[in-house]
Amino acid sequence: LHLVEDCASGDAALDGDAPAGGGGGGRRGPPKSLDAVEAVYRSLAASYREEYVLYNLSAVALAQAMPRLAALLAGWAPLQEPTRGAAEFARWRPLLESEGTR
């Protein structure tokens with residue numbers, strides 16, 4: 001649980017919702033990178049596969065990956081950079097698919 005909380009610790013900063021002064025308690029810090037969040041969920045999926053599926057952690061992973069993927073694709077010009085983000089989506093796909101879709 002702490003691994004997931006650590007991934008979400010800086011998510012408000014990604015959305016521009018970080019409170020002024022950093023108050024409000026809880027864990028706050030800079031947002032984790034897309035690669036760091038991926039590493040956490042890849043580790044959870046490998047070590048706790050049954051729980052990952054049972055508790056639908058792919059939905060939690062999606063919620064934490066989306067703002068980072070959106071930032072990666074901000075300003076994307078598909079005709080100039082057709083493969084931008086393809087490697088990231090390929091790595092995230094198995095973490096975001098539910099068991100029945102494979």
Side-chain angles (χ1 to χ4, degrees):
L1 182 60
H2 293 295
L3 291 172
V4 175
E5 287 175 347
D6 287 344
C7 285
S9 67
D11 282 356
L14 285 172
D15 297 330
D17 295 336
R27 298 176 194 197
R28 287 282 176 226
K32 294 221 181 293
S33 70
L34 183 62
D35 291 338
V37 174
E38 176 196 348
V40 168
Y41 283 99
R42 189 165 301 285
S43 172
L44 287 172
S47 300
Y48 304 101
R49 187 69 195 161
E50 188 174 320
E51 291 84 354
Y52 193 87
V53 173
L54 179 66
Y55 296 114
N56 196 22
L57 290 183
S58 61
V60 179
L62 176 62
Q64 292 184 353
M66 280 304 296
R68 291 161 176 88
L69 289 168
L72 173 71
L73 296 175
W76 178 41
L79 296 177
Q80 284 76 36
E81 298 177 275
T83 60
R84 182 175 176 182
E88 289 81 359
F89 279 98
R91 289 193 319 262
W92 273 94
R93 183 177 177 177
L95 299 174
L96 301 177
E97 289 180 327
S98 61
E99 280 294 303
T101 60
R102 288 188 215 167

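Sequence positions, counted from 1, serve as the residue numbers for this chain.
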**Message:** Using the side chain to side chain donor-acceptor pair (under 3.5 Å) criterion, which residues pair with Glu38? Sequence neighbours excluded.
**Reply:** Arg42, Arg91
**Asked** Do Val53 and Tyr48 touch side chain to side chain, with heavy atoms closer than 4.5 Å?
**Response** no
**Request:** Look at the aromatic rings of Tyr41 and Tyr52 and report parallel, tilted or perpendicular, splitting at 30° and 60°.
**Result:** perpendicular
**Asked** Step by step, would you call Val60 with Tyr55 a side-chain contact (heavy atoms from CB on, under 4.5 Å)?
**Response** CA-CA 9 Å; Val60 179; Tyr55 296 114; over 6 Å; no
**Heavy-atom side-chain contact between Arg68 and Glu88 under 4.5 Å** = no
**Request:** Keeping the roles fixed (side chain from Ser33, backbone from Ala36), state whether a donor-acceptor pair exists under 3.5 Å.
**Result:** yes
**Asked** Between Leu57 and Glu51, is any pair of side-chain heavy atoms under 4.5 Å apart?
**Response** no
**Prompt:** From Leu34 CG over to Leu72 CG, what is the distance, rounded to the nearest 0.5 angstrom?
**Reply:** 6.5 Å
**Message:** Checking the side chain of Trp92 only, and the main-chain atoms of Ala65 only, is there a donor and an acceptor separated by less than 3.5 Å?
**Reply:** no
**Item:** Donor-acceptor pair, side chain of Ser43 and main chain of Ala39, under 3.5 angstrom
**Value:** no
**Asked** Between Leu96 and Leu62, which heavy-atom pair has the shortest distance, and what is it?
**Response** CD2-N, 3.5 Å
